[in-house]
2 protein chains.
Amino acid sequence: MDDRDAPAYFALFNEIGILSQLSRAALEARLPNGLLVTHFGVVNHLIRVKDGQTPLVLARAFQVPKTSMTHTLAGLERHGLVEMRPNPKDARSKCVWLTDAGRAFRDQAVADISFMMAPLAEAFAPERAAALLPELAALRQVMDAARDGEDG
Amino acid sequence: MDDRDAPAYFALFNEIGILSQLSRAALEARLPNGLLVTHFGVVNHLIRVKDGQTPLVLARAFQVPKTSMTHTLAGLERHGLVEMRPNPKDARSKCVWLTDAGRAFRDQAVADISFMMAPLAEAFAPERAAALLPELAALRQVMDAARDGEDG
DNA sequence: GGCATTTGGTGCGGCATCGTACTAAATGGT
DNA sequence: ACCATTTAGTACGATGCCGCACCAAATGCC
């Protein structure tokens, strides 16, 4: 790699890091009492894809260690937003099911966050957001592949 | 905002969050013993802009709470990479100065990380990274502005 | 000058994240 | 069927991040 190429990646990762921080803070400000973006993310995922998935599948989907997912799911269960039931296919495993409260929480959160995003849409059109996605997804794919490690 | 616009932002922030996580992990794997991306970021910033800045200025530059910056700077000082001297303009304040070890650390880290990025450059050309930057920077700007407008 | 308010920095405590190590169950080779 | 290996989930401990409360110095107001 040419030495002049590095700064582009440095700047890119720097921008991504700060954006991650800012978006995290912005979203969490609109979430109820002790709930974090990770909680919303999991519930949202369970609705968008389907519930009944195992913790490990979720951990992989979010690219986090399984211990982190255990912790997040414990929080969701404490708040009554999901229910952990045994996995009929595998006695070691569990399945994560949404509760009615979980679905209600997600609907409310989506509404609140959408409301928060209204001014954002004026300064940064959704088309621009959509246009960024494929490239970022491609970059993610590449970094995934480059990842040494295991976990899983 | 149209309800159909929200998913674009959700997906974008989700991708950004995961990329932040992946890049953080990838960079930290190339950093010496207990040093984190935050440490590198500060040292790099002190070189790119200039050293002698106060902790508060740095905290604002990185969009982190000042307590976090205190913590990061304490780590850098413990490793002998920066030196905290009293601020001649303000007795409450301090100035952060790079040490020779700090500059050496930065050079080494840049080299190591550039080396690590070589395979990345093959699958994701630097031009693509550079092309993403302006849009992400614009988005950051917008979110910064939205943040300032909030109650605190 | 005297006093209230603001500002820079830090100690402390709570919480999230994640690596290590462990248990229990499934899998595969024989 | 047996046993070694792999896999799902968790307990525990270490560490980073950050909000709150506090102190000391600066600033503003009279």
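The figures that follow rest on heavy atoms only: side chains count, while hydrogens, waters and symmetry mates do not. A quick note: this is a predicted structure, and the numbers were derived from the prediction, not measured.
Computed from coordinates, the A:N87 CG to D:dT10 P distance equals 12 Å when rounded to whole Å. As a whole-Å value, the separation of A:M69 CE from D:dA11 P is 16 Å. Atom CZ in B:F62 sits about 12 Å away from atom P in D:dC17, given to the nearest Å. The nearest whole Å value for the distance from the CD atom in A:Q63 to the P atom in C:dT17 is 15 Å. Nucleotide D:dA8 holds its P atom 5 Å from the CG atom of A:L56, rounded to whole Å. The distance from atom CD of B:E28 to atom P of D:dG16 is 10 Å, rounded to the nearest whole Å. Distance, B:L58 CG to C:dG8 C1': 13 Å, rounded to whole Å. Rounded to an integer number of Å, the gap from B:E77 CD to C:dT10 P is 9 Å.
Residue B:E28 is tested with B:L35, B:T38, B:V37 for a side-chain contact (heavy atoms from CB on, under 4.5 Å); the sole match is B:V37. The one candidate from A:Q108, A:M117, A:M116 that meets the side-chain contact (heavy atoms from CB on, under 4.5 Å) condition with A:R30 is A:M116.
Closest to the side chain of B:H71, out of D:dG9, D:dG16, C:dA24, is D:dG16. Among the nucleotides C:dT10, D:dG9, C:dT17, the one closest to any side-chain atom of A:P55 is D:dG9.
Within the 4.0 Å cut-off from OP1 or OP2 of D:dT7, not a single side-chain nitrogen or oxygen of A:R60 is found. The shortest distance between the side-chain N/O atoms of A:Q21 and the OP1/OP2 oxygens of D:dC17 is not below 4.0 Å. When the side-chain nitrogen and oxygen atoms of B:T67 are compared with OP1 and OP2 of D:dG19, none of them lie within a distance under 4.0 Å. The phosphate of D:dC17 (OP1 or OP2) has a side-chain N or O of B:T38 nearer than 4.0 angstrom. Taking side-chain N and O atoms only, A:T70 has no distance below 4.0 Å to OP1 or OP2 of D:dG9. Side-chain N/O atoms of B:S93 include one lying less than 4.0 angstrom from OP1 or OP2 on C:dG9. Applying the 4.0 Å criterion to OP1 and OP2 of D:dC17, one finds that B:R24 has a side-chain N or O inside that range. Regarding contacts with the backbone of C:dC18, a side-chain N or O of A:S68 is found under 4.0 angstrom from either OP1 or OP2.
Residues A:P134 and A:A130 come closest through the heavy atom pair CD-O, 3.2 Å.
Between B:H39 and B:F105, the ring centre distance reaches or exceeds 6.0 Å.
If you find the closest nucleotide of DNA chain C to A:T72 and to A:K89, the one lying nearer the 5' end belongs to A:T72.
Residue B:K94 places no side-chain atom within donor-acceptor reach of the base of C:dG9, judged by atom type and a 3.5 Å distance cut-off alone.
Salt bridge annotation for A:R85-A:D51: absent, with no cationic side-chain nitrogen under 4.0 angstrom from a carboxylate oxygen.
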